[in-house]
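Presented below is the structure to which this report refers.
Worth saying up front: this structure is predicted, and the values here are computed from it rather than measured. What's counted below: heavy atoms across the whole structure, side chains too, no hydrogens, waters or symmetry copies.
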Amino acid sequence: MILLAPAGARLEPFSGPLICSDRVYFELIAEMQRLRGMIYAADGAIQPSQLTFSGRHVSQADYESWHLLTVRWDGEILGCIRFLRHPNTVHYHQLRVSDAPPAHSGDWANGFVSSISSELEAARRFNFSYVEIGGWALAPELRGTTEALHAVLSTYALAQLQGGALGITTATERNGSASILRRLGGRSLEWDGAALPPYFDDQYRCEMEVLRFDSRKPNARFSSTVDFLRSHVATLPIFCPGERSVAEKAPGLFSNLLQGFAQQTAAVPAFS
């Protein structure tokens, strides 16, 4: 795993190699967007016309977010998760999820808005940030593997390293994504004592759920793994935009880093 950090991100909790290079950062962003475009188009979630000419699935949020990438030792990106971190002063209408279909549903709109507003109030009480998780894509060879589960659980670790967070994600029922996230600690939004139901998303053409999470409360079954991953994520290589650095003068640096960290990954405990 490696991390991509947005411009201006706080890096104090992290002790791994830091590579500040516009060229390397934007190349990694582009490769991640190509993976996402390939996976989403193959799954029928988007039309090829929604991609750039080079096959990239581009979102403005990509450049404002952290990204956790699962990368093969030779540099090929096999998985990605976007971690858009907001201060707890963020307002509902500033969230990407405010454009989700339930926000405009006559039956559930009020409950949806009120439920998320309640989550934001809780984040302020706990002095937590508020996080939108998205952009999840996995190459077929990674699905169902320990590496895939480690990547998802690492979002808890990342939130804990950054002082704790409440968060939200829209999860598709295609490929079992929503059920996987539930097993790892995701929960339904609730309002007036009832869980908000799944909905059909015309854009992605499938049933979806909006799930919430609390960085303190992964599924208890995986708590020890998250504890280990917190230490592991703190030492991952971080790539960020910035001034010219050694990465641009040493093209082999990226591959060398990956080979070194591939050996460390083997030490992360598996679970059943």
Any side-chain heavy atom of [X] within less than 4.5 Å of one from [Y]?
{"X": "R182", "Y": "S188", "answer": "yes"}
{"X": "I168", "Y": "L189", "answer": "yes"}
{"X": "L35", "Y": "C80", "answer": "yes"}
{"X": "I2", "Y": "L236", "answer": "no"}
{"X": "F14", "Y": "L3", "answer": "yes"}

How many angstroms lie between atom [atom1] of [X] and atom [atom2] of [Y], to the nearest 0.5 angstrom?
{"X": "D62", "Y": "I29", "atom1": "CG", "atom2": "CD1", "value": "5.5 Å"}
{"X": "S129", "Y": "F83", "atom1": "OG", "atom2": "CZ", "value": "6.0 Å"}
{"X": "D22", "Y": "Y25", "atom1": "CG", "atom2": "OH", "value": "9.5 Å"}
{"X": "L78", "Y": "E76", "atom1": "CG", "atom2": "CD", "value": "5.5 Å"}
{"X": "Y92", "Y": "F112", "atom1": "OH", "atom2": "CZ", "value": "5.0 Å"}
{"X": "Y40", "Y": "T172", "atom1": "OH", "atom2": "OG1", "value": "9.5 Å"}

Would you sort out whether F222 and L149 count as a side chain to side chain contact (heavy atoms under 4.5 Å, CB included), showing the intermediate values? CA-CA 10 Å; F222 305 115; L149 288 175; 5.8 Å; no

Tell me the closest heavy-atom pair linking [X] and [Y], and the distance in Å.
{"X": "C20", "Y": "C240", "value": "SG-SG, 2.8 Å"}
{"X": "S21", "Y": "V24", "value": "OG-N, 3.2 Å"}
{"X": "P6", "Y": "S65", "value": "CD-O, 3.4 Å"}
{"X": "T70", "Y": "A151", "value": "OG1-CB, 3.8 Å"}
{"X": "S115", "Y": "E190", "value": "OG-O, 3.0 Å"}

Test N219 against Y156 for side chain to side chain contact (heavy atoms under 4.5 Å, CB included), laying out the working first. CA-CA 11 Å; N219 184 322; Y156 284 93; over 6 Å; no

Check whether any side-chain N or O of [X] sits under 3.5 Å from a backbone N or O of [Y] as a donor-acceptor pair, and report yes or no.
{"X": "S215", "Y": "A165", "result": "yes"}
{"X": "E119", "Y": "L166", "result": "no"}
{"X": "E147", "Y": "L142", "result": "no"}
{"X": "S118", "Y": "S114", "result": "no"}
{"X": "R85", "Y": "Q162", "result": "yes"}
{"X": "R36", "Y": "A137", "result": "no"}
{"X": "S154", "Y": "A157", "result": "no"}

Lys/Arg-Asp/Glu bridge criterion (N-O < 4.0 Å) met for E141, R72: yes

Could you give me the CA-CA distance, side-chain angles and deciding distance for I116 and R212, then say whether side chain to side chain contact (heavy atoms under 4.5 Å, CB included) is met? CA-CA 9 Å; I116 294 178; R212 60 194 174 104; over 6 Å; no

Is atom CG of N110 surrounded by more than 12 heavy atoms (other residues, nucleotides or ligands) closer than 6.0 Å? no

Taking the six-membered ring for Trp, are F26 and Y63 parallel (under 30°), tilted (30 to 60°) or perpendicular (over 60°)? tilted

Plane angle bin for F128 and F126 - parallel if under 30°, tilted between 30 and 60°, otherwise perpendicular: tilted

Any side chain to side chain donor-acceptor pair (under 3.5 Å) involving residues 3-17? Give me the pairs, sequence neighbours left out, ordered by first then second residue. none

Determine, step by step, whether R34 and E31 satisfy the salt bridge (Lys or Arg N to Asp or Glu O under 4.0 Å) criterion, reporting the C-alpha distance in whole Å, the side-chain angles of both residues, the deciding distance to 0.1 Å, and the verdict. CA-CA 5 Å; R34 270 188 279 273; E31 288 302 314; 2.7 Å; yes

Can you list the residues that meet the side chain to side chain contact (heavy atoms under 4.5 Å, CB included) rule with T169, with sequence neighbours excluded? I133, L181, L211

Are L84 and L161 co-members of a hydrophobic cluster defined by side-chain heavy atoms under 4.5 Å apart? no

Passing candidate, side chain to side chain contact (heavy atoms under 4.5 Å, CB included) with W136, options L68, I81, I39: I81

Side chain to side chain contact (heavy atoms under 4.5 Å, CB included), paired with R82, selected from M32, E64, H67: H67

Would T155 and V131 count as a side chain to side chain contact (heavy atoms under 4.5 Å, CB included) if you check the C-alpha gap in whole Å, the side-chain angles of each, and the deciding distance to 0.1 Å? CA-CA 10 Å; T155 62; V131 173; over 6 Å; no

